[in-house]
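What follows is one structure encoded as structure tokens, with my remarks underneath.
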Amino acid sequence: MNPEYPRKHSRRFNSYTEYFKQLFGGRVQKLAIDAGFTCPNRDGKVGRGGCSYCDNKAFNPSYCNPEKSVSTQIQEGIEFHRIRYRRASQYIAYFQAYSNTYAPIETLRKLYEEALAFPEVIGLVIGTRPDCVNDEILDFLAELSKKVYIIIEYGIESCYDKTLLKINRGHDFAKTRWAIEESARRGIRTGGHMIIGLPGESKEEILQETDIISALPLNTIKFHQLQIITGTGMANEYNSHPEDFNILGIDDYLLLMMEIVERLNPAFVIERIAGEVPPPFSVNQPWDMRYDAVLQRFEQLLEKHDTWQGKFYNPTK
Ligand code: SF4
């Protein structure tokens with residue numbers, strides 16, 4: 001059966017690569033930037049020590065270093081991708097490390113404009129916490145997004161306050177809902193980041209969470225399996241009580257992801273279905289696979305089960 005996909009390509013989920021191709025007429029590469037921000041859950045404003053799973057060092061590419069200016073990081077990032085992939089000529093600057101709206105508005109304006117000054121940079125992805133935006137910042141980003149492609153990527157991680165408390169997020173789900181709705185109300189594109197397999201969450205809760213997320217005004221969504229990073233608070237918890245964690249192997253994870261995707265709002269663009277932490281950083285790395293191979297296996301699974309994103313989406317939930 002060939003399902004009626006609500007998009008103009010034949011993949012069984014709303015893929016980020018295809019979305020960018022349709023939007024910009026070609027491949028677009030994201031350039032990760034560490035602009036030297038910190039995070040209120042680390043500097044004491046909200047908490048100290050951060051979320052229990054967090055270690056940003058595990059996620060930064062080599063060209064991404066806060067001691068270098070935004071311009072230098074972009075130049076080096078473009079060069080890196082030109083040599084390595086030779087496919088992209090358009091770039092999105094991805095303000096990735098820590099909380100990238102956690103600064104006075106003039107600082108934000110200067111940093112974002114520095115990135116947008118490159119003709120190859122056609123937009124920004126701004127990763128942040130829901131409690132690091134306010135009316136002033138959102139009004140500013142709403143104005144900016146009238147001129148260039150802007151998306152605010154919110155760390156949602158979980159819809160459950162019991163989980164957010166356990167992982168020391170320092171905010172509740174009501175804050176997340178507020179930030180996403182206020183952004184969308186102003187016409188700013190919004191993305192969400194979820195962690196699948198956080199301790200204490202049952203499979204049924206994870207699937208119900210999909211219904212909650214599906215009702216939010218999100219444009220894009222990114223899923224990561226729980227990865228426990230060396231040296232984090234969560235790594236200590238895992239080493240002391242591994243029985244509290246349900247670490248999924250690749251096959252079980254992809255089956256769960258299939259059920260999530262079947263229930264997911266078909267309008268959402270799926271940016272990733274899994275994360276990739278370099279093995280030296282990972283305490284629990286259960287898969288010895290690159291992301292491309294994981295994605296290929298996932299698409300084969302959807303094909304085998306003749307299923308697709310939104311097959312069981314229920315907008316009334
Ligand atoms: S909000 Fe982000 S940067 Fe801050 S501690 Fe949590 S995961 Fe780390």
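Just so you know, these numbers come straight off a predicted model, no measurement behind them. Atoms within each ligand, like the ligands themselves, are counted from 1 in listed order.
Distance check for C39 against atom 8 (Fe) of ligand 1: none of its N/O/S atoms falls below 2.8 Å.
Between the side chain of R186 and the backbone N or O of E182, at least one donor-acceptor pair lies under 3.5 Å. Under the 3.5 Å distance criterion, the side-chain polar atoms of T190 are matched with a main-chain donor or acceptor of P217.
Ligand-side atoms of ligand 1 in range of C51: 1 (S), 5 (S), 6 (Fe), 7 (S), range being under 4.0 angstrom from any heavy atom. Counting the atoms of ligand 1 from 1 in the order shown, those under 4.0 Å from a heavy atom of R129 are 1 (S). The distance from ligand 1 to the heavy atoms of G50 drops below 4.0 Å at these ligand atoms: 5 (S). Annotation for ligand 1: atoms under 4.0 Å from non-hydrogen atoms of Y53 are 7 (S). Listed by number with element, the atoms of ligand 1 under 4.0 angstrom from any heavy atom of Y98 are 3 (S).
Proximity of E157 to ligand 1 is not established, as no heavy-atom distance is less than 4.0 Å.
In this structure, Y149 and F24 have perpendicular ring planes: the angle between them is above 60°, well past the 30° mark.
There is no side-chain donor-acceptor pair under 3.5 Å between E237 and S52. No side-chain N or O of R129 forms a donor-acceptor pair with one of Y98 less than 3.5 Å apart.
One hydrophobic cluster, built from ILVMFWY side chains closer than 4.5 Å, holds both L207 and I221.
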